[in-house]
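What follows is a single structure, written as structure tokens, with notes after it.
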Amino acid sequence: MTQAADILIAGGGLNGPALALALARNGFSVTVVDGRPAPQRAEPGFDGRAYALALASKRLLAALGLWDGLASQAQPILRVVTADGTTAGGPSPFVLAFDHAEIEEGPMGYLLEDRFLYAAFLAALEAEPRIRLVSGTTVEAQEVGPQGVTVTLSTGAQLSGRLLVGCDGRQSGTARRAGIRRSGWGYGQTALVTAIEHERPHEGTAWQYFLPGGPLAILPLPGGHRSSIVWSESDAAAAGIQRLPDADYLGALRPRFGDFLGSIRLAGDRFTYPLSLSLAHSFVAPRVALVGDAAHGVHPIAGQGLNLGLRDVAALAEVLTLAARRGEDVGSPLVLDRYQQWRRFDATALALGMDMVNRLFSNDNPMLRAGRDLGMGIVNALPGLRRGFIRQAAGLSGDLPQLLQGRAI
């Protein structure tokens, strides 16, 4: 039996639920298909996984009615310090520092644990009558017709809608079945992700060290004495480090980390993620749109992966809502092309920019190191240029959809 909705969403991570809520609040009926059991990521235990949410992303969550319940669990990012570093010596004395006081809007962003953000989305989905969450199954086939799209699930059930949105990650089955090709490459790097407790307070400062093996991000968590670590190394080095017992793992981290936060110890589980760039050749196809990693998988060097996805969410929700109000077919090529024109250049430019920065900094070439230090020193000495970087990091630049401005569509 085929069950109908206006919009079908493949993927229930974070972008899928955000898009479902944005659309449902504007009158669409939405079905979200998630391959995992719904409560799986909403368990109460701390595991250290967290996201750096730009200020614009926080405004989107506020516009969706979620931020009031999340604010007490979020750590404001008050300062960002970027520095070259060495494997044995911690950060270079030449730093580039951004302070939230340099912009009027408030903190540049917030650190929020995955478990809190996902649980908030899950509760909101369950409370929204226009949304149906189908968990523990995946989309196995999709068929596009003149009036809509029909998908077949791994359970054999069928769903139909006017549009299918792929929020199903870098290996997007939605994109593959739609004939959308991808370009990309691996970095030969793996991200080691964990959390630490430290002796001295972080004071809301996020640190980004550029080490020869890859960047090391130290991201402040609530409470003042915990931080999330995203530590990139070559694949071989990361595999060796991940196999170490906890004490030796810390022994490898400490010299890279430095001693500015005093003594440190592990406070969360240890994860690894291979790093690569993956760009879809098109963000749309007949009756199909791609969002988040399904459209653009980027290096985590600036913590922009989720923020880029939420920019897609805000733009697609606005395009579809305004089209529906005009009486247009929301799955038509004309409507979907508006979304692609809005998002593809911005997302691709940012992805390639992060790729370039990673290549420039992930080495120990003394000439490049001197040039990098000089460049950071120049930017640090120019308040106007520094302010522009802060606004970019906060997600406040460019043609912002209404949700990213904190306004309902």
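Position 1 is the first residue of the sequence; numbering continues from there. Quantities reported herein were computed from a predicted structural model and do not represent experimental measurements.
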message = Go through it in stages, so that I can follow the logic: the residues are Leu19 and Leu316, the test is side chain to side chain contact (heavy atoms under 4.5 Å, CB included), and I'd like the CA-CA distance, side-chain angles, deciding distance and then a yes or no.
response = CA-CA 8 Å; Leu19 179 63; Leu316 183 57; 3.9 Å; yes
Stepwise side-chain hydrogen bond (donor to acceptor under 3.5 Å, both in side chains) test for Ser227 and His198 = CA-CA 8 Å; Ser227 293; His198 37 81; 2.8 Å; yes
message = Quick one, Ser154 with Thr137, criterion side-chain hydrogen bond (donor to acceptor under 3.5 Å, both in side chains). Give me CA distance, side-chain angles, the key distance, then yes/no.
response = CA-CA 6 Å; Ser154 55; Thr137 185; 2.7 Å; yes
Arg115 vs Arg49, side chain to side chain contact (heavy atoms under 4.5 Å, CB included): CA-CA, chis, key distance, verdict = CA-CA 8 Å; Arg115 58 179 174 145; Arg49 287 182 295 176; over 6 Å; no
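For Arg344, the salt bridge (Lys or Arg N to Asp or Glu O under 4.0 Å) test picks out no residue, with sequence neighbours left out. Arg343 is linked by a salt bridge (Lys or Arg N to Asp or Glu O under 4.0 Å) to Asp312, Asp346, counting only residues two or more places apart in sequence or in another chain. Applying the salt bridge (Lys or Arg N to Asp or Glu O under 4.0 Å) test to Arg182 and every residue at least two apart in sequence or in another chain returns nothing.
Residue pairs meeting the salt bridge (charged side-chain N to carboxylate O under 4.0 Å, His left out) criterion with at least one partner in residues 269-281, sequence neighbours excluded, are Asp246-Arg270. Screening residues 7-25 for salt bridge (charged side-chain N to carboxylate O under 4.0 Å, His left out), with sequence neighbours left out, gives Arg25-Glu128.
With rounding to the nearest 0.5 Å, the separation of CG in Leu320 from CG in Asn26 is 10.0 Å. Here the straight-line distance linking atom OG of Ser228 with atom CG of Leu112 works out to 11.5 Å at 0.5 Å rounding. The distance from the CD1 atom of Ile409 to the CG atom of Leu322 is 7.0 Å, given to the nearest 0.5 Å. One finds the CG atom of Leu192 at 12.0 Å from the CZ atom of Phe271 (value rounded to the nearest 0.5 Å). Expressed to the nearest 0.5 Å, how far CD1 of Ile229 lies from CD1 of Ile218 amounts to 5.0 Å. Atom-to-atom distance recorded for Asp114:CG and Leu14:CG is 6.0 Å, nearest 0.5 angstrom.
Ion pairing between Glu140 and Arg177 fails under the 4.0 Å rule for side-chain N and carboxylate O. Between Arg265 and Glu197 there is a salt bridge, since at least one side-chain N of the basic residue sits less than 4.0 Å from a carboxylate O of the acidic one. Taking 4.0 Å as the cut-off between side-chain N and carboxylate O, Glu318 and Arg407 do not count as a salt-bridged pair. Under 4.0 Å is where a charged nitrogen must lie from a carboxylate oxygen, and between Glu328 and Arg338 at least one such pair does. Salt bridge present: Asp329 and Arg287 bring a charged side-chain N and a carboxylate O closer than 4.0 Å.
Taking the six-membered ring for Trp and thresholds of 30 and 60 degrees, Trp207 and Tyr209 have ring planes more than 60 degrees apart, a perpendicular arrangement.
Side-chain N/O atoms of Gln340 and Ser282 include a donor and acceptor closer than 3.5 Å. For the residue pair Asp6/Ser29, the side-chain donor-acceptor check at 3.5 Å is satisfied. With no hydrogens or angles considered, no side-chain donor-acceptor pair links Thr348 and His296 at under 3.5 Å. Side chains of Thr150 and Ser160: no donor on one and acceptor on the other come within 3.5 Å. Side-chain contact, Trp231 with Glu233: a donor N or O sits under 3.5 Å from an acceptor N or O.
The two atoms that bring Ala295 and Phe283 nearest to each other are O-CE1, 3.6 Å, heavy atoms only.
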Using residues 163-170 as the side-chain source, report each donor-acceptor pair under 3.5 Å to any protein atom, sequence neighbours left out, with the distance given to one decimal.
unit_1, atom_1, unit_2, atom_2, d
Asp168, OD1, Ser172, OG, 2.6
Asp168, OD2, Ser172, OG, 3.4
Asp168, OD2, Gly173, N, 3.3
Asp168, OD2, Thr174, N, 3.0
Asp168, OD2, Thr174, OG1, 2.8
Arg170, NH1, Ser276, O, 2.7
Arg170, NH1, Ser276, OG, 3.0
Arg170, NH2, Val298, O, 2.9

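Counting non-hydrogen atoms of other residues, nucleotides and ligands closer than 6.0 Å to CZ of Arg181 gives a total of 12 or fewer. A 6.0 Å sphere centred on CG of Asp337 holds more than 12 heavy atoms belonging to other residues, nucleotides or ligands.
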